[in-house]
Amino acid sequence: MAAPEERYGRETMTRTILHVDMDAFFAAVEQLRRPELRGKPVVVGGSGNPHSRGVVSTASYEARAYGIHSAMPLRTAFNKCPHAVFLPVDFSAYGAASRQIMAILREYSPLVEPLSLDEAFLDVSSRPEVPRALAEEIRRRIKDDTGLTASIGIGPNKLLAKIASGLHKPDAVTEITPDTTTAVLRDLPATVLWGVGPKTAARLEQTLGVRTVGDLQRIPLAQLQELLGPRWGEDLYRTCRGEDDSPIVTDWEPKSLSRETTYQYDTRRRETIIATISALAADVVGDLHDEGYRGRTVTVKIRYRDFRTHTRALTLPEPINDGDAIRQTAVALLDRFALDRPVRLVGVRVSGLVKTGNGKQETGNAEP
DNA sequence: TCTGGGGTCCTTATCCTC
DNA sequence: TCTGGAGGATAAGGACCC
């Protein structure tokens with residue numbers, strides 16, 4: 001097999017990729033539409049009730065000063081800052097703001113890849129402007145048109161553009177060039193790399209003494225592959241050097257559709273769980289119809305009080321979108337779980353999706 | 001004391017067929 | 001006929017992302 005540096009050589013065409021990342025997006029939208037919240041700690045998450053189960057989706061910068069951050073339990077956030085304003089997640093409002101921002105980005109390039117409501121990659125390789133000047137213009141446009149601030153990273157690929165956007169948040173443009181890549185990456189924690197989360201970071205530190213991206217660059221390919229497997233090891237060997245040739249993906253098809261819910265109070269009652277599965281299955285079927293898909297595999301997920309999570313799945317002979325059949329399949333799968341402990345979460349997923357062509361709407365950026 | 005929801009992708013095990 | 005793979009499909013779990 002060819003070594004990575006031979007397969008991804010310098011002759012690869014130079015690209016200019018922007019990563020646009022909105023600052024504290026959900027909280028910023030709330031502060032924009034409710035001026036009395038500006039300058040105050042705002043926490044968006046769950047039902048907006050800080051005494052019920054849920055986690056922080058976004059904390060305003062004022063709330064972050066109290067140590068509140070995304071994914072923190074709402075109850076913990078409340079303990080850190082009881083006078084913060086807690087708000088429920090309002091996806092329709094954030095979706096409207098997001099569509100406005102994505103439309104601005106598409107004025108600058110047709111090659112836009114939304115990653116989530118508040119982030120997108122943009123390939124501006126064919127634009128004549130100096131990249132930094134262009135990024136500054138886009139940042140100003142977003143602010144003038146929407147009142148929201150964005151941080152923009154510039155890089156020769158998606159990996160470096162995304163790392164760049166995170167370096168000087170909020171409201172900043174940051175560029176990483178091939179010449180500055182080594183110096184910029186060297187002292188960053190390994191967790192800035194795509195795919196390196198808490199578990200992998202701990203393994204890298206314990207087995208190889210690796211903490212920074214620079215540390216990682218000193219590990220031979222074979223050693224990374226031994227620890228992480230052949231594929232993952234090679235990926236990390238390349239990404240820690242800032243190498244990435246993944247393309248901008250403008251059209252995306254879902255692989256699965258799912259719904260899940262966490263009970264406010266754990267339950268062992270079979271009838272309660274069956275009712276939940278039926279309701280979740282109905283929601284998923286609604287999504288299948290709305291988006292024009294059938295699916296072949298039905299999966300039920302159960303999370304017990306101790307947070308251990310199990311799934312049971314059944315693959316059907318043909319893809320279906322029939323509500324009764326999907327609901328009955330999901331309910332039948334419950335028999336394969338031991339309900340010997342309290343359950344905190346139930347989920348239903350349908351995967352193996354195929355298009356029916358009968359959706360409410362084809363995707364917005366499909367060919368005319 | 002806690003730990004959401006909606007996704008993707010990878011690894012491993014098992015079964016089956018060629 | 002026996003045996004040993006290769007390799008696809010399925011199932012389950014886990015890590016990770018926003």
Side-chain angles (χ1 to χ4, degrees), chain A residues 19-22 24-26 43-59 68-80 88-89 91 94-95 98 113-121 158-159 162 165-166 190-204 225 227-236 239 246 249 252-264 266 280 283-284 287 291 296-317 333 336-337 344-353:
Chain A
H19 178 252
V20 178
D21 193 356
M22 302 302 297
F25 184 55
F26 295 0
V43 177
V44 180
S47 63
N49 177 354
H51 306 293
S52 62
R53 281 181 167 169
V55 298
V56 176
S57 288
T58 312
I68 297 174
H69 55 78
S70 295
M72 172 181 281
L74 288 175
R75 285 193 254 244
T76 307
F78 181 79
N79 289 335
K80 287 185 177 289
V89 179
F91 278 111
Y94 317 144
S98 179
E113 176 180 348
L115 277 185
S116 62
L117 287 178
D118 71 321
E119 277 182 53
F121 288 111
K158 287 160 70 172
L159 168 72
K162 182 153 167 64
S165 72
T191 50
V192 300
L193 301 175
W194 183 268
V196 180
K199 301 278 184 183
T200 306
R203 284 177 73 194
L204 288 171
Q225 290 181 312
L227 182 69
L228 303 169
R231 188 163 174 164
W232 208 150
E234 187 183 321
D235 274 358
L236 197 58
T239 55
S246 59
V249 177
W252 173 86
E253 294 281 336
K255 310 276 187 300
S256 65
L257 292 172
S258 68
R259 290 296 177 95
E260 60 187 57
T261 188
T262 296
Y263 293 113
Q264 280 304 311
D266 301 343
L280 293 171
D283 289 344
V284 173
D287 291 344
E291 299 186 31
R296 259 190 89 198
T297 303
V298 178
T299 305
V300 168
K301 171 158 117 178
I302 296 283
R303 174 171 290 154
Y304 295 99
R305 169 173 286 174
D306 63 4
F307 227 69
R308 286 184 174 280
T309 306
H310 298 277
T311 59
R312 294 292 180 267
L314 184 67
T315 297
L316 304 162
L333 282 166
R336 292 167 51 186
F337 291 92
R344 64 173 285 137
L345 172 146
V346 180
V348 174
R349 178 169 75 244
V350 174
S351 55
L353 301 184

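Chain identifiers are assigned alphabetically (A, B, ...) following the order of the sequence lines, protein sequences preceding nucleic acid strands; residue numbering begins at 1 within each chain.
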What pair of heavy atoms forms the shortest contact from [X] to [Y], and how long is it?
X	Y	result
S47(A)	S52(A)	OG-OG, 3.3 Å
L333(A)	V298(A)	CD1-O, 3.4 Å
A77(A)	V56(A)	CB-CG2, 3.9 Å
G45(A)	L74(A)	O-CD1, 3.6 Å
E291(A)	P254(A)	OE1-CG, 4.3 Å
T58(A)	S70(A)	CA-OG, 4.2 Å

Can you build the contact string for nucleotides 7-12 of chain B? Use B for base contact, S for sugar-phosphate-only contact, and - for no protein heavy atom under 4.0 Å. SSSS--
For a quick check, with a 4.0 angstrom heavy-atom cut-off, what is the B/S/- contact string for nucleotides 5-13 of chain C, read 5' to 3'? -----SSSS
List the residues meeting salt bridge (Lys or Arg N to Asp or Glu O under 4.0 Å) with R53(A), not counting sequence neighbours, and say none if there are none.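 In terms of salt bridge (Lys or Arg N to Asp or Glu O under 4.0 Å), with neighbours along the sequence ignored, R53(A) is linked to D266(A).
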So what does [X] hit on the nucleic acid, given a heavy-atom distance under 4.0 Å: a base, only sugar-phosphate, or nothing?
X	value
R303(A)	sugar-phosphate
G46(A)	nothing
L345(A)	sugar-phosphate
T261(A)	sugar-phosphate
N79(A)	nothing

Distance-only, no hydrogens or angles: does the [X] side chain make a donor-acceptor pair with backbone N or O of [Y] under 3.5 Å?
X	Y	value
T309(A)	F307(A)	yes
T239(A)	D235(A)	yes
R203(A)	L227(A)	yes

Whole angstrom is fine here: how far is it from [atom1] in [X] over to [atom2] in [N]?
X	N	atom1	atom2	result
Y263(A)	dT3(B)	OH	C1'	18 Å
F25(A)	dC17(C)	CZ	C1'	17 Å
K162(A)	dC16(C)	NZ	P	15 Å
I68(A)	dT3(B)	CD1	C1'	16 Å
F121(A)	dC18(C)	CZ	P	9 Å
Y304(A)	dT3(B)	OH	P	19 Å
F307(A)	dA15(C)	CZ	P	12 Å
R344(A)	dT1(B)	CZ	P	14 Å

Counting only side-chain N and O atoms of R53(A), is one of them less than 4.0 Å from OP1 or OP2 of dC2(B)?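 Checking R53(A) against dC2(B): no side-chain N or O falls below 4.0 Å of OP1 or OP2.
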For H51(A) and F78(A), I'd like to know if the aromatic rings sit close, meaning centre-to-centre distance below 6.0 Å.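 When the ring centroids of H51(A) and F78(A) are compared, they turn out to be within the sub-6.0 Å range.
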Kindly write out the residues that satisfy side-chain hydrogen bond (donor to acceptor under 3.5 Å, both in side chains) with S57(A), not counting sequence neighbours, or none if the list is empty.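 Partners of S57(A) by the side-chain hydrogen bond (donor to acceptor under 3.5 Å, both in side chains) criterion come out as none, since no residue qualifies.
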side-chain contact (heavy atoms from CB on, under 4.5 Å) between E260(A) and L345(A), worked out: CA-CA 7 Å; E260(A) 60 187 57; L345(A) 172 146; 3.6 Å; yes
Describe, in one word, how the ring planes of F26(A) and F91(A) are oriented to each other, choosing from parallel (under 30°), tilted (30 to 60°) and perpendicular (over 60°).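 Rings of F26(A) and F91(A): perpendicular, as their planes differ by over 60°.
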For dA15(C) and dT3(B), measure between their C1' atoms and round to the nearest Å.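 Those two atoms are separated by 16 Å.
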Whole-Å P distance, dC2(B) and dC18(C):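 That atom pair is separated by 28 Å.
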Name the closest nucleotide to the T262(A) side chain, picking from dC18(C), dG5(B), dT3(B).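 So the side chain of T262(A) is nearest to dG5(B).
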Identified side chain to side chain donor-acceptor pair (under 3.5 Å) partner of H19(A) from the options K158(A), E113(A), E119(A):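 Going through the options one by one, the only one that passes is E119(A).
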Could you check which residues of residues 191-204 of chain A get a heavy atom under 4.0 Å from DNA chain C? Sort them by number, please.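 Heavy-atom contacts with DNA chain C come from L193(A), W194(A), G195(A), V196(A), G197(A), P198(A), K199(A), T200(A).
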Reading DNA chain B 5' to 3', how would its secondary structure be written in dot-bracket notation, given Watson-Crick and G-U pairs with both distances under 3.5 Å, brackets [ ] for crossing pairs and | for partners on other strands? ....||||||||||||||
By the rule that syn is within 90° of 0, classify the base conformation of dT1(B) as syn or anti.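 Syn, angle within 90° of zero.
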Apply the syn/anti split at 90° from 0 to dC2(B) and say which one it is.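 Base orientation relative to the sugar is syn.
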